[in-house]
J.: 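Have a look at this one before I ask anything.
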Amino acid sequence: MSNYIDTHVHFDALRGIDAETALRKAVDGGVMRVVAVGGSIAANMSAVSLSAAHAGIVWPAVGYDRDCAGSSPPMADLEDCARQKGVAAIGEIGIDLHYSPDTETDQIALLESQLDLARRLCLPVIVHCRNAEEQVGHMLKCHSRLVAPTMSERIGVVHCFTGTAKFARVLLDCGFYLGFTGIVSFRAAEELRAVARSIPDKRILIETDSPYLAPVPFRGKPNEPCLLPFVAKALAEARSVSQDHIAEVTTRNAEMLFCPADAGKSS
Ligand SMILES: [Zn+2]
């Protein structure tokens, strides 16, 4: 059976299932490791404590997402949290002008201060971007120039990628990974599948973004990390390769990004 790594799970938002059960089902289904993303003070704390209880299986990420913009969340608290043992990334962070166009200035400032934190702590970033390719592209270009010498394969990922081919090119040039979700399995996502075909193996990651975006044939239901193989299957079909190949390269990439000491261990 192939091994998978789910690089984006909101354990604090799971519906109808607790984190322990979701993890057990994931591991039983070949999803051997997961990134538990934060985004608020509460989500960050729960990601860190889940990883303490499941060391080696759960990699925590901590950050303030765009919903925190405008409320001046305490950066010192985030830094304390990010310095805890095992924290694998700053995330999720980013800009969403689809849902929150009114707080653009605050979202930009919050993202900038967290990119700065990631640079100081030498941690990769997990970035959300919706209707903000111009702004995010510019900020990530600057960020990658500053960290590239030390963090070349570990700069970060733009998760749940649904952007244009042009934006994908900008991100690849910056050394970023692109995270693909169940959206690649949606019937209407032909444009996204075309972009997904053009990304080199060494830059793709897969994620469920649970509890959101369940892949076909579970579309519309609450998502869980154990459904990650369906994302791999859709991406494999889009790229005309085997599902095993997707499992292998995305596992290697996730290890490289989030835990370089683990690279190669699971193959
Ligand atoms: Zn997310």
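Because the structure is predicted, anything quoted here is derived from the model rather than measured. Order of listing sets the numbers, starting from 1, for every ligand and every atom in it.
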J.: May I ask you to check whether Gln135 and Glu104 show a side-chain donor-acceptor distance below 3.5 Å?
T.: yes

J.: Can a side-chain donor-acceptor contact be found between Glu133 and Thr164 if the only test is distance below 3.5 angstrom?
T.: yes

J.: When you measure from the Zn ion (ligand 1) to the N, O or S atoms of His10, does any of those distances fall below 2.8 Å?
T.: yes

J.: Yes or no on side chain to side chain contact (heavy atoms under 4.5 Å, CB included) for Met151 and Cys122, after CA distance, side-chain angles and deciding distance?
T.: CA-CA 7 Å; Met151 304 269 298; Cys122 289; 3.9 Å; yes

J.: Considering only N, O or S atoms, which atom of Glu92 is nearest to the Zn ion (ligand 1)?
T.: OE1

J.: Can you find a heavy atom in the side chain of Val136 that is under 4.5 Å from one in the side chain of Met139?
T.: no

J.: Is there an N/O/S atom in His8 at a distance below 2.8 Å from the Zn ion (ligand 1)?
T.: yes

